[in-house]
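This chain uses plain numbering: 1 for the first residue, then up along the sequence.
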Amino acid sequence: MKKFVYIALFGTIVSQDLEITSSQIVYSGNHPLHAWTGVSTEASGSITYNENSETGSVRIEVPLSSFDSKLSSRDSNMLYYTEALDYPTVVFQSSKVTVGRTSAGIEGKLTFHGVTQPLRVTASFDKKNKIVKGDFSIRLSDFEVERPSLLFVKIDDDIAINFKFEFK
């Protein structure tokens with residue numbers, strides 16, 4: 001019994017629950033006539049990290065209405081095509097996190113536009129400053145999002161995502 005109590009106490013000492021204090025998620029899209037980015041600083045969520053087992057979990061949520069491309073008509077269009085009234089948030093929930101010295105392999109599910117797809121991401125982190133950052137891309141068609149068009153040409157299906165989170 002003493003051994004179990006020691007292991008339980010040791011596990012809580014090396015386990016950390018971190019909440020987001022600052023976030024930046026940037027999406028980038030393209031059309032033959034122009035490229036654009038939208039930025040959100042309103043993500044919420046947490047990371048749990050066990051230093052002993054070098055594993056953890058991640059949950060991140062971001063409201064679609066928080067993205068700003070510096071052009072209100074484009075932002076309104078994005079909300080229309082992503083049906084943000086019906087699907088107001090994008091959620092990532094990890095199923096496996098493997099932590100290395102300065103990076104982590106993160107596997108989980110991304111839910112966007114009411115569709116859930118598997119996602120693998122490699123993120124870099126700074127343990128001292130509690131910063132995690134990385135990038136990945138999605139295809140709008142994988143999430144059943146109709147692509148808007150300009151001059152009868154649809155925007156690209158691929159959307160690049162960059163993220164940076166600071167934790168306390």
- Any donor-acceptor pair under 3.5 Å linking the side chain of T48 with the backbone of G56?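 Such a contact is absent between T48 side chain and G56 backbone.
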- Item | Polar side-chain atom of R139 near backbone of D157 as donor-acceptor pair, under 3.5 Å |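 Checking the backbone N and O of D157 against the side chain of R139, no donor-acceptor pair under 3.5 Å is found.
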- For D156 against I159, the heavy-atom pair lying closest together: O-CD1, 4.5 Å
- Do N50 and T55 get their side chains close enough for a donor-acceptor pair, meaning under 3.5 Å? no
- Item | Reported OG-to-NZ distance for the pair S124 and K133, which is rounded to 0.5 angstrom |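 Spacing of OG (S124) from NZ (K133) equals 5.5 Å.
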- Might you work through the side chain to side chain contact (heavy atoms under 4.5 Å, CB included) test for F112 and V145, ending with a clear yes or no? CA-CA 9 Å; F112 169 48; V145 174; 3.8 Å; yes
- Query: Does the side chain of I25 reach to within under 4.5 Å of the side chain of F165, using non-hydrogen atoms?
  - Reply: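 Result yes, sub-4.5 Å side-chain heavy-atom pair found.
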- Taking all non-hydrogen atoms of both residues into account, name the closest pair between A123 and I106 and its distance.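 Nearest pair, atom of A123 first, then I106: CB-CD1, 4.0 Å.
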- Message: Minimum heavy-atom separation for R74 and W36, please, with both atom names.
- Response: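 The pair with the smallest heavy-atom distance is NH1-CB, 2.7 Å.
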- Query: So which heavy atom on T116 is nearest to which on K109, and how close?
  - Reply: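 Result for this residue pair: CG2-CB, 3.6 Å.
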- Task: Can you measure from CG (L150) to NE2 (H34) and round to the nearest 0.5 angstrom?
- Result: 6.5 Å
- Closest non-hydrogen atom pair, T82 against H113: O-CD2, 3.0 Å
- Query: Are I47 and I131 in one and the same hydrophobic cluster, where Ile, Leu, Val, Met, Phe, Trp and Tyr link if side-chain heavy atoms are under 4.5 Å apart?
  - Reply: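 No: no chain of side-chain contacts under 4.5 Å links I47 to I131.
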- Item | Test item: T21 side-chain N/O and E166 main-chain N/O as donor-acceptor pair under 3.5 Å | yes
- Message: Taking the side chain as everything from C-beta on, heavy atoms only, tell me whether D68 gets closer than 4.5 Å to V39.
- Response: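 The answer is no, as the side chains (C-beta and beyond) never meet within the 4.5 Å cut-off.
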- Calculate, to the nearest 0.5 Å, the distance between atoms OG and OH belonging to S69 and Y27 respectively.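 Rounded to the nearest 0.5 Å, the OG-OH separation comes out at 5.0 Å.
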- Item | Validation row: K70, D75 side chains within 4.5 angstrom (heavy atoms) | no
- Just wondering, do Y87 and V115 contact through their side chains at under 4.5 Å, heavy atoms?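 When only atoms from C-beta onward are counted, Y87 and V115 do not touch, as no gap falls below 4.5 Å.
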- Message: Distance check, rounded to the nearest 0.5 Å: M78 atom CE versus S76 atom OG?
- Response: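 Reported value, rounded in 0.5 Å steps: 9.5 Å.
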- Query: Are V90 and L110 close enough that some pair of their side-chain heavy atoms sits under 4.5 Å apart?
  - Reply: yes
- Task: Mind telling me whether F136 and F163 have parallel, tilted or perpendicular rings, with 30° and 60° as the class edges?
- Result: tilted
- Message: Applying side chain to side chain donor-acceptor pair (under 3.5 Å) to D158 and S137, what does each step give before you reach the verdict?
- Response: CA-CA 7 Å; D158 294 323; S137 64; 5.5 Å; no
- Message: Does atom CD (E144) have a neighbourhood of more than 12 heavy atoms from anything else shown, all under 6.0 Å?
- Response: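 No - once you tally the heavy atoms of other residues, nucleotides and ligands closer than 6.0 Å, there are 12 at most.
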- Query: Is there a side-chain contact between F92 and V62 (heavy atoms, below 4.5 Å)?
  - Reply: no
- Query: I155 and L140: side chain to side chain contact (heavy atoms under 4.5 Å, CB included), yes or no, with the steps?
  - Reply: CA-CA 10 Å; I155 67 169; L140 293 172; 3.8 Å; yes
- More than 12 non-hydrogen atoms from neighbouring residues, nucleotides or ligands closer than 6.0 Å to CG on L85, yes or no?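 No - once you tally the heavy atoms of other residues, nucleotides and ligands closer than 6.0 Å, there are 12 at most.
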- Quick one: does I20's side chain get under 4.5 Å of F167's, heavy atoms only? yes
- What are the two closest heavy atoms between E61 and V91, and how far apart are they? CG-CG2, 3.7 Å
- Side-chain heavy atoms of T37 within contact of S28, under 4.5 Å: yes
- Query: Could you state the interatomic distance from OG (S44) to CD (E19), rounded to the nearest 0.5 Å?
  - Reply: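 If we round to the nearest 0.5 Å, S44:OG and E19:CD are 9.5 Å apart.
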- Query: Is there a donor-acceptor contact under 3.5 Å from the side chain of S66 to the main chain of P63?
  - Reply: yes
- Item | More than 12 heavy atoms from other groups under 6.0 Å of NZ on K127 | yes
